[in-house]
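Structure, as structure tokens:
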2 protein chains.
Amino acid sequence: MKNTGDRRRTIYDVAKAAGVSISTASNALNGTGRTNAETRERVRRVAEEIGFRPNALARGLLSKRSHAIGMLTNDTYGRLTLPMAAGVSEVLVDHGVSVFLCATNNDPRLAQLHLEALLDRQVDGIIFTATRLDLAPPVQLSRLPIPVVYVFAEGPADSVTFFPDDEQGARLAVDHLKELGRSRILHITGPRDYLAARIRAQSYLDACGDGAEAMFGEWSEEWGHEAVQTVFARPGPKPDAIFCGSDEIARGVIDALRDLNVEIPTDVAVVGFDNWEVVARQTRPPLTTIDMELKELGHRAGLAILSLSKGEPVPAGITRLPCRLVVRQSCGSPLQSD
Amino acid sequence: MKNTGDRRRTIYDVAKAAGVSISTASNALNGTGRTNAETRERVRRVAEEIGFRPNALARGLLSKRSHAIGMLTNDTYGRLTLPMAAGVSEVLVDHGVSVFLCATNNDPRLAQLHLEALLDRQVDGIIFTATRLDLAPPVQLSRLPIPVVYVFAEGPADSVTFFPDDEQGARLAVDHLKELGRSRILHITGPRDYLAARIRAQSYLDACGDGAEAMFGEWSEEWGHEAVQTVFARPGPKPDAIFCGSDEIARGVIDALRDLNVEIPTDVAVVGFDNWEVVARQTRPPLTTIDMELKELGHRAGLAILSLSKGEPVPAGITRLPCRLVVRQSCGSPLQSD
DNA sequence: AATTTATGCTAAAAGCTTTTAGCAGAAAAA
DNA sequence: TTTTTCTGCTAAAAGCTTTTAGCATAAATT
């Protein structure tokens, strides 16, 4: 008597098969109202048998909660979005909440279209994410009737926002280098107009004090390569460690150092930022780097939007989640499996 | 009289404001039934004014079509999934269809959970995607009441499936090398138990004939590096071109060649596979490679599931979409901007 | 014995939309 | 004039669930 595939079973089918009314069936299944234990069991058994599953549309229509949220991203080739989206999805699926993924391509028309579709679908909330921390969303998200959470993206002043703690991450890198006895630490990072780059650089400067130098450039291997060549070509003392603003830069740095016959980590230790495994694992030697815990960011954002959608209070403002140091072999630490 | 944010406007509000019945309002808005042109315009204007947008839940409940689909993936760090998902989303948003993203992490329990949630939500179809072509889905997808499309993943024999055309892609690479006058072409690729690796290798062998050699190993830079060392250490003629099974391998190959002071492309030309920009653009010289057109795969899968969900016929079986040669500088072609 | 309380169930409404069937009135045909 | 056709609208049903209000019956209290 399993569902024979002709059409989905409804609670009406359950009620009929169990010989009770629809309301009793509903009460029995949800544990609401007053039901005899025996009836309750019977209804549940019957529901199980015929393969009844409540229609989420009907349920959402009534409760005005769709148990779905939208995730708006402007990143399409992103190593950032998918780990976060997976984190969101992972933490919400156990609460019966599904995630609409909307890739806006940074196109305002597309963003507007997606936003309207999400509202029409009565989503319980929206998570906005971007590839840059300081880029405004391509669409007006502030006066919405549903909660919005920003993750890896800047929202209005009083919004709920999650960022990786760039300052702490940078400190983690510098402290690690210092603990290993390095004293002349150089910082090579991305463009100065990226907030994240500025924060990391400032944290590095605060930690290293006099003689510290932050070189801003591009988020590319090429820039890392070029910066190293510049530094090693000019007169004066050479660094014994380089803290890079991204793993890609670190990769360029490592290549350039090898070209110069500088030993890693003996002569110069290198730390990256991102823990982008496919890069960090493949450098020679494998790269010690900072992980931004993207999945955890997704978890937190998911839980926040869940609370907000239930009307529970969530502290507004920016929450910065700690980064994690991933030790590989580019700093001369005791070799350890990763 | 714009929506003041207290609650969403319903068609009841439209009807009242326009002084007509609910059915007339619905007919006017959808162009169904018989309506006077003047009334129709008035209703539409009023709807616009008060910011009415139909509730997708109610609509879906009635029509039994939710205008949403699910995308099931077992890849979480994927450079593959997001471009495809973006392609799907992009092509469907204009048809009013939204996409649920479900990351299964290759965990059958999670996959089952997601699948049930999707069915409860009455999705119109499911797109399954994986990181490997020949991996079975972690959950039973065959006897579902809704259509399923497989993309970059293997489905049952009679299912609708989209793959990149690995054979054509490999041929593209080999032909390109031959046209440039290379004759001793070597193939370095991933593990033999990957279907894609076998297809590409076979295509390469067919095109190159006698003396061709396919070396199977890992999908890693390290393997590319190691393979080159092996080949150049042994006696006998050396290749004048290397076709790599992935951009990562190509990267390792290029590094190893540089270590051996072999000039690229003068002595050896290199072609990759993936057009994974962040790798292919950063090698020195930038890598000529094969693009699998992941976004286009997403487009096609999206259109296929759309047709299927409307009951329109879609040819079953495997459709292989052509790959594209991306010329950069690792083969000695005339330098061109990319 | 008469009244109150508790128990287990059900009918009906609500949530929002689309579709079906059908009702008046006007215009056209007989 | 009477009958038919057409036009423009509306009431009501359907889609599936949860919740509210309430109805019998049995048990407990006065």
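Please read all numbers here as calculations on a predicted model, not as lab measurements. The sequence lines fix the lettering, A, B, ..., with proteins before strands; numbering per chain opens at 1. Because only heavy atoms are used, hydrogens play no part in the values below, and waters and symmetry mates are left out as well, while side chains stay in.
Listed nucleotides C:dT10, D:dT17, D:dC9 differ in distance to B:Asn36; the shortest reach to its side chain belongs to D:dC9. Between D:dT10, C:dT18, C:dC16, one nucleotide has an atom nearer to the side chain of B:Asn27 than all others, and that is D:dT10. Nearest to the side chain of B:Pro54, among D:dA11, C:dT17, C:dG8, sits C:dT17. Across C:dC16, D:dA11, C:dC9, the shortest atom-to-atom separation from the side chain of B:Ser21 is found for D:dA11. Among C:dT19, C:dG15, C:dC9, the nucleotide with an atom closest to any side-chain atom of A:Ala58 is C:dG15. In this structure, the nucleotide among C:dG8, C:dT17, D:dG8 sitting nearest to the side chain of B:Ile11 is C:dT17.
As rounded to whole Å, 19 Å separates atom C1' of D:dC16 from atom CZ of A:Arg65. One atom, CD of B:Gln122, and another, C1' of D:dC16, lie 9 Å apart when rounded to the nearest Å. At whole-Å resolution of the value, NE2 in B:His67 and C1' in D:dG15 are 15 Å apart. At whole-Å resolution of the value, NZ in A:Lys64 and P in D:dC16 are 21 Å apart. Nucleotide D:dG15 holds its C1' atom 12 Å from the CG atom of B:Leu57, rounded to whole Å. Atom-to-atom, CG of A:Asp120 to P of C:dC16 comes out at 14 Å; the value is rounded to the nearest Å. A straight line from CG of A:Leu62 to P of C:dC16 spans 9 Å, rounded to a whole angstrom. Counting to the nearest Å, the C1' atom of D:dT18 and the CZ atom of A:Arg34 are 17 Å from each other.
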Show, in sequence, the C-alpha distance, side-chain angles and deciding distance for A:Arg42 and A:Val20, and conclude whether the side chain to side chain contact (heavy atoms under 4.5 Å, CB included) test is met. CA-CA 10 Å; A:Arg42 178 160 41 92; A:Val20 294; 4.2 Å; yes
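At the phosphate of C:dG15, neither OP1 nor OP2 sits under 4.0 Å from any side-chain N or O atom of B:Asn55. Proximity of A:Asn30 to the phosphate of D:dT18: a side-chain N or O atom is located under 4.0 Å from OP1 or OP2. Here B:Ser23 does not reach the OP1 or OP2 of D:dT10: none of its side-chain N or O atoms lies under 4.0 Å away.
For the pairing with A:Thr73, the side-chain hydrogen bond (donor to acceptor under 3.5 Å, both in side chains) check across A:Thr81, A:Thr104, A:Asn105 returns one residue only, A:Thr81.
Among the protein residues, A:Ser63 comes within range of no part of the nucleic acid, since none of its heavy atoms lies under 4.0 Å from any strand. Backbone-only contact: A:Thr10 has heavy atoms under 4.0 Å from sugar-phosphate atoms and none from a base. Among the protein residues, A:Ser26 comes within range of the nucleic acid bases, having at least one heavy atom under 4.0 Å from a base atom.
You'll find the side chain of B:Met84 reaches within 4.5 Å of the side chain of B:Thr129, heavy atoms only.
More than 12 non-hydrogen atoms from other residues, nucleotides or ligands lie less than 6.0 angstrom from CD of A:Glu312.
Comparing A:Leu29 and A:Leu61, the nucleotide of DNA chain D nearest to each residue sits closer to the 5' end for A:Leu61.
At a threshold of 4.0 Å, the pair A:Arg8-A:Asp13 does not count as salt-bridged, since none of the basic side-chain nitrogens sits closer than that to a carboxylate oxygen.
Counted by atom type alone, A:Ser66 and A:Arg121 present zero donor-acceptor pairs between their side chains at under 3.5 Å.
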